[in-house]
Amino acid sequence: MGEFDGLVAVVTGGASGIGAAVAEELEARGARVAVLDLEPDGAAHALALRADVSDDASVRAAVDRVVADLGRLDVLVNNAGIGAQGTVADNDDAEWLRVLDVNLLGMVRTSRAALPALRRSPAAAIVNMGSIAATAGLPQRALYSATKGAVLALTRAMAADHLEEGIRVNCVHPGTADTPWIGRLLARADDPEAERAALEARQPHGRLVSPAEVAGAVAYLASPRSGSTTGTAIAVDGGMQDLRLRPRR
Ligand code: NAD
């Protein structure tokens, strides 16, 4: 018996990278998974719906469709997100609002739409995708970090608000992970190989995090077996946040 047998999960941004790994992991553990994405892929999920987390009507329609077609909703993984580079001076108001709209309000919209169904679930859980950028000061990531810091604060506040309704809310903070997103970043670098080596060296375990490793943490937090875990964050960052090692020889 899989621990998610009989449960339905929604994964936003589930067509690529970390979200795709999460969808696969939850399915392997017995869940029926609905992927919501701007560009849903061809992977064989219970449902793959085109949805834009920056559009409230689109999110509501997709969540309604999941509940109508799959009969319930137990787990929401708020994973869809976009990047932004630069210092606080480098992006105009429109860009700040655009990235906040996807990375923060996207989670607000999907959670708002999912709450009525989650309240009916005996095993309700929300997992938000944070980042090492929420907890460490990284250069050239002012806007992105602000969105992920807000995700951490939102996670704790939601955990408090919905505890009595039986809905657990947690988040995961990946370090730099080996996904198409990072592939695109590296492709734009002057020296992609040197940039990759620098990103690997920044993480104490000396490599990028794998999407499957992040998916394992998401599955742990989403699992009905984790009923005492709410309002917390798990770092999956090779020790980047908390370890202070001597330089490698
Ligand atoms: P990715 O670009 O490979 O995948 C992101 C997915 O989200 C894509 O399928 C994309 O179509 C979808 N998406 C983007 N905007 C959307 C929208 N408005 N509505 C619906 N879907 C949308 O990225 P990834 O690296 O897998 O990142 C996933 C999450 O993990 C993001 O929240 C990101 O901030 C977080 N994260 C990534 C890393 C990393 O190093 N890759 C590190 C820490 C946190």
Side-chain angles (χ1 to χ4, degrees), residues 10-25 33-43 45 48-63 66 76-85 97-111 113 126-136 138 141 143-152 154-155 171-188 195-196 198-200 202-203 207-215 217-218 233-238 240-241:
V10 160
V11 182
T12 70
S16 173
I18 290 171
V22 169
E24 206 177 299
E25 183 68 32
V33 173
V35 161
L36 272 50
D37 203 292
L38 280 180
E39 297 171 36
D41 60 356
H45 303 296
L49 301 174
R50 190 174 305 280
D52 179 354
V53 298
S54 69
D55 175 350
D56 195 50
S58 161
V59 166
R60 285 187 183 281
V63 170
V66 171
L76 170 63
V77 181
N78 282 317
N79 164 77
I82 55 175
Q85 295 185 51
L97 292 170
R98 185 181 78 86
V99 180
L100 272 164
D101 197 22
V102 174
N103 289 6
L104 178 62
L105 273 77
M107 297 189 183
V108 172
R109 293 185 185 99
T110 45
S111 301
I126 298 176
V127 182
N128 295 328
M129 197 53 65
S131 169
I132 177 77
T135 52
L138 306 180
R141 291 291 182 278
L143 165 51
Y144 178 71
S145 301
T147 69
K148 291 300 186 181
V151 166
L152 174 57
L154 176 70
T155 299
C171 64
V172 175
H173 290 163
T176 306
D178 200 356
T179 71
W181 168 328
I182 295 302
R184 293 190 295 272
L185 263 183
L186 293 179
R188 286 201 301 271
E195 182 66 13
R196 186 180 177 99
L199 291 176
E200 288 173 345
R202 191 168 68 169
Q203 307 198 129
R207 62 172 174 84
L208 300 187
V209 170
S210 78
E213 290 169 330
V214 182
V218 172
I234 294 183
V236 185
D237 62 3
M240 185 175 169
Q241 174 61 38

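Atoms within a ligand are numbered from 1 in the order they appear, just like the ligands themselves.
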Distance to 0.1 Å, residue and atom name: give those for the protein heavy atom nearest to atom 21 (N) of ligand 1. Leu38 N, 3.4 Å
Would you say Lys148's side chain and Met129's backbone share a donor-acceptor pair under 3.5 angstrom? yes
At a 4.0 Å threshold, what atoms of ligand 1 neighbour a non-hydrogen atom of Ile18? 26 (O), 30 (O), 37 (C)
Sub-4.5 Å side-chain heavy-atom contact between Arg196 and Glu200: yes
Within the structure provided, determine whether His173 and Asp237 are in side-chain contact (heavy-atom separation under 4.5 Å). no
Residues Arg188, Glu195; criterion salt bridge (Lys or Arg N to Asp or Glu O under 4.0 Å); working and verdict: CA-CA 10 Å; Arg188 286 201 301 271; Glu195 182 66 13; over 6 Å; no
Can you confirm, on distance only, whether ligand 1 has an N/O atom lying under 3.5 Å from any N/O atom belonging to Thr176? no
With atoms numbered from 1 as shown, which atoms in ligand 1 lie under 4.0 angstrom from a non-hydrogen atom of Asp52? 17 (C), 18 (N), 19 (N)
Within a strict 4.5 Å, meaning less than it, do heavy atoms of the Tyr144 and Ile82 side chains meet? no
State whether a side-chain donor-acceptor pair under 3.5 Å links Ser58 with Asp52. no
Hey, are Asp178 and Ser210 close enough side-chain-wise for a donor-acceptor pair under 3.5 Å? no
Beyond-backbone contact of Leu76 with Ser111, side-chain heavy atoms, under 4.5 angstrom: yes
Could you check Asp56, Thr12, Asp55, Asp101 and say which one makes a side-chain hydrogen bond (donor to acceptor under 3.5 Å, both in side chains) with Arg109? Asp101
With heavy atoms under 4.0 Å as the rule, classify the contact between Thr179 and ligand 1 as side chain, backbone, both or neither. side chain
Considering heavy atoms of the protein only, find what lies nearest to atom 34 (O) of ligand 1 and give residue, atom and distance to 0.1 Å. Tyr144 OH, 2.6 Å
Note, Val151 side chain near Thr147 side chain (heavy atom, < 4.5 Å): no
Which residue supplies the protein heavy atom nearest to atom 23 (O) of ligand 1, what is that atom called, and how far is it? Trp181 CE3, 3.2 Å
Side chain or backbone of Ala133 under 4.0 Å from ligand 1, or both, or neither, by non-hydrogen atoms? neither
Quick look: Ile182 vs ligand 1, heavy-atom contacts under 4.0 Å, and the answer is side chain
Against heavy atoms of Arg184, which atoms of ligand 1 measure under 4.0 Å? 2 (O)
So, Arg50 side chain and Leu38 main chain: donor-acceptor pair closer than 3.5 Å or not? yes
Side-chain donor-acceptor distances from residues 13-23 under 3.5 Å, at least two apart:
none

What do you reckon, does Asn79 put a non-hydrogen atom under 4.0 Å from ligand 1? yes
Considering non-hydrogen atoms of the protein only, which is the closest contact for atom 1 (P) of ligand 1, and what is the distance? Ser16 OG, 3.6 Å
Using the side chain to side chain contact (heavy atoms under 4.5 Å, CB included) definition, which of the options Asn78, Val53, Val59, Leu154 pairs with Val108? Leu154
Just which atoms of ligand 1 are under 4.0 Å from any heavy atom in Gly17? 3 (O), 26 (O)
With a 4.5 Å heavy-atom cut-off, do Val127 and Val172 have their side chains touching? yes
Using heavy-atom distances, let me know which of Pro211, Gly81, Gly106, Ala84 sits nearest atom 5 (C) of ligand 1. Gly81
So is there a nitrogen or oxygen of Val102 less than 3.5 Å from a nitrogen or oxygen in ligand 1? no
Examine Ala177 against ligand 1 and note whether any of their N/O atoms are separated by less than 3.5 Å. yes
Ligand-side contact atoms (ligand 1) for residue partner Ala51, heavy atom cut-off under 4.0 Å: 19 (N), 20 (C)
Protein heavy atom at shortest distance from atom 11 (O) of ligand 1: Asp37 OD1, 2.6 Å
Checking the N or O distance criterion of under 3.5 Å, is ligand 1 in contact with Gly19? no
What protein heavy atom lies closest to atom 35 (C) of ligand 1? Include the residue and the distance to one decimal. Met129 CG, 3.7 Å
Nearest-contact summary for atom 7 (O) of ligand 1 - protein heavy atom, Å: Gly13 CA, 3.3 Å
Does some non-hydrogen atom of Gly130 fall short of 4.0 Å from ligand 1? yes
For atom 13 (N) of ligand 1, which candidate among Ala15, Ser54, Ala20, Ala80 provides the closest heavy atom? Ala80
Please confirm whether His173 approaches ligand 1 to less than 4.0 Å, judged on its heavy atoms. no
Can you check whether Val218 reaches Glu25 side chain to side chain, under 4.5 Å on heavy atoms? no
Show every salt bridge (charged side-chain N to carboxylate O under 4.0 Å, His left out) that has at least one partner inside residues 13-24, sequence neighbours left out. none
Polar contacts were defined as any N/O atom of the residue lying under 3.5 Å from an N/O atom of the ligand; does this apply to Ser131 and ligand 1? no
Looking at atom 19 (N) of ligand 1, what's its closest protein heavy atom, distance included? Val53 N, 3.0 Å
Measuring from non-hydrogen atoms of Pro180 to any atom of ligand 1, is the shortest distance under 4.0 Å? yes
Answer yes or no for Gly175: is there a heavy-atom contact with ligand 1 below 4.0 Å? yes
